[in-house]
Participant: 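Quick one: the structure is below, questions incoming.
Basis for what follows: all heavy atoms, side chains included, without hydrogens, waters or symmetry-related copies.
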Amino acid sequence: MSALIDQLTARLPPKSWTADPEIMASHLVEWRGRYRGNAPFLAMPSSTGEVSQIVSLCAEAGLAITPQGGNTGLVAGQIPEGEVLISLKRMNKIRSVSTDDDAMVAEAGVVLKSVQEAAESAGRLFPISLGSEGSATIGGLISTNAGGVHVIRFGMMREQVLGLEVVLPDGRILNALKALRKDNTGYDLKQLFIGAEGTLGIITAATLKLQPRPAEHIVAVVGLDSPYAALKLLHHMKLETGAVVAFELMNAFATGMTLVAYPQLRNALPGWNGWRVLIEMESVRAIGLRDVAEQALSSAMEKGLIQDAVVAENHAQAKEFWRVREEIPAAQRTQGAQAPMDISVPVSRVPDFLRDAEIAARNVWADLRVLAFGHAGDGNIHYTVMQPPGPVNEDFWKACPALIEAVQDVAVGMGGSISAEHGIGVSRREELPRYKDHVTLDVMAKVKAALDPKRVMNPRALT
């Protein structure tokens, strides 16, 4: 290790590495404080060439690497446990924006908010949106195939990527930054690295797809009786408006907990204690979308699908409505022992999942609370079972693996997945063999062995 550090310091600028514990500290703990790690040193390259040098030296020395973006991951894939840690935060340049190609080339360390702003300045939209957009980086979002709230219209991060630049586990650079929509010249290699959680290489830059900016934007909060009504409302609003980009379902506990934790937040439906849906609609043409949305909500009320609704009067109020949804993860941190899950099922099965998952969980531990919220429009529910109110219950902590298994069994039994958008990382790795068939696992292992035979890249994550 000492020899490797000497080689790195000789080849890299002083700003590109550190072993200072104070500088490294924030990189070694996950933002919720659930996972803490350690690393011999932190590499902070500012160019693809520097990344290549660092990876080459580590590969030669047989030292494993953990890549890290904005450190906003939720499954510990970005937290090292003795590996060399490489942060991409200094690779934060937007290399180009082309409105003719509707494409942008951004380095891996550019935060999502900066990409959104650069697209807006060019009169375009980059549609990925999530709560951590002020700190999540493009490289991390691609490596985890992040989703967010607009998947219903625009798809996952995978659908936003036209090309990639990747440093391979042996230090070579794969340059596939093309802005082509069509390229049938063999394997689409970029797809290997999207969602691979840094196990096959380090993404250093990406060519991203841009969209037209919306001319109209409407946000509404709706009160309804059940997830079954929410499913009917989803299809009603899609058919009536043709403009739905987000459809977020929240149970009463989720909104109530958040409004108590953050009393300054606006309660859009005071007095309503049932399920809520936050609907966002956009149109690239001025079509009087507010009138269209209000008419659709009125007809939904006439059909008995909803009981109450309010449409934001302006952009500031729309942001207030979104804040309640966005602050749910932070509010739940104070709720004691809990088992969080990132579930997806076919959209049609969301109501059945919410019903059956609670039954399965209560068969393991009867006295619990269920927090359920998320992207019902694309079948992704962030589902957490929690201890009753009070001090941390150690027995509940011990029951969490059984609770997670019971709920995940329900999801997979409905054709679902145990990880919709957070990835597998380290925290879900032991659960994967229960739900992935042996052929799939074998193919994944062979891809890993072919590209990274020395298991240099993020060896504890995913495979």
Participant: Residues in salt bridge (Lys or Arg N to Asp or Glu O under 4.0 Å) with R158, at least two apart?
Facilitator: none
Participant: Name all residues meeting the salt bridge (Lys or Arg N to Asp or Glu O under 4.0 Å) criterion together with R153; count only those two or more places apart in sequence or in a different chain, and write none if there are none.
Facilitator: none
Participant: Going by the rule side-chain hydrogen bond (donor to acceptor under 3.5 Å, both in side chains), which residues pair with D395 if we only count those two or more places apart in sequence or in a different chain?
Facilitator: none
Participant: Kindly state each residue pair satisfying side-chain hydrogen bond (donor to acceptor under 3.5 Å, both in side chains) with at least one member in residues 72-82, sequence neighbours excluded.
Facilitator: N38-E81, N71-Q78
Participant: Is it true that E197 and S143 share a donor-acceptor pair across their side chains at a distance under 3.5 Å?
Facilitator: no
Participant: With sequence neighbours excluded, tell me which residues meet side-chain contact (heavy atoms from CB on, under 4.5 Å) with A402.
Facilitator: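 Partners of A402 by the side-chain contact (heavy atoms from CB on, under 4.5 Å) criterion, ordered by chain and then number, come out as V364.
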Participant: Scan residues 127-179 for pairs that pass ring-ring contact (aromatic ring centres under 6.0 Å, His included), counting only residues two or more places apart or in two chains.
Facilitator: none
Participant: With sequence neighbours excluded, give me every ring-ring contact (aromatic ring centres under 6.0 Å, His included) pair touching residues 341-371.
Facilitator: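 Passing the test, one end in residues 341-371: F353-Y383, W365-F396.
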Participant: When you look at CD of Q264, are more than 12 heavy atoms from neighbouring residues, nucleotides or ligands closer to it than 6.0 Å?
Facilitator: yes
Participant: May I have all residue pairs that pass side-chain hydrogen bond (donor to acceptor under 3.5 Å, both in side chains) and include part of residues 397-414, sequence neighbours excluded?
Facilitator: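 Every side-chain hydrogen bond (donor to acceptor under 3.5 Å, both in side chains) pair that includes a residue of residues 397-414, provided the two are not neighbours, is E405-R434, Q408-E431, D409-R434, D409-Y435.
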Participant: Tell me, please, which residues at least two apart from K446 pass salt bridge (Lys or Arg N to Asp or Glu O under 4.0 Å).
Facilitator: D442
Participant: Please list, chain by chain and in numerical order, all residues satisfying side-chain hydrogen bond (donor to acceptor under 3.5 Å, both in side chains) with W17, sequence neighbours excluded.
Facilitator: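 Residues passing side-chain hydrogen bond (donor to acceptor under 3.5 Å, both in side chains) with W17: none at all.
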Participant: Of all residues at least two apart in sequence or in a different chain, which pass the salt bridge (Lys or Arg N to Asp or Glu O under 4.0 Å) check with E248?
Facilitator: R325
Participant: Does D102 have any side-chain contact (heavy atoms from CB on, under 4.5 Å) partners at least two apart in sequence or in another chain, and if so, which?
Facilitator: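 Once residues adjacent in sequence are excluded, the partners of D102 under the side-chain contact (heavy atoms from CB on, under 4.5 Å) criterion are R124, R181, L210.
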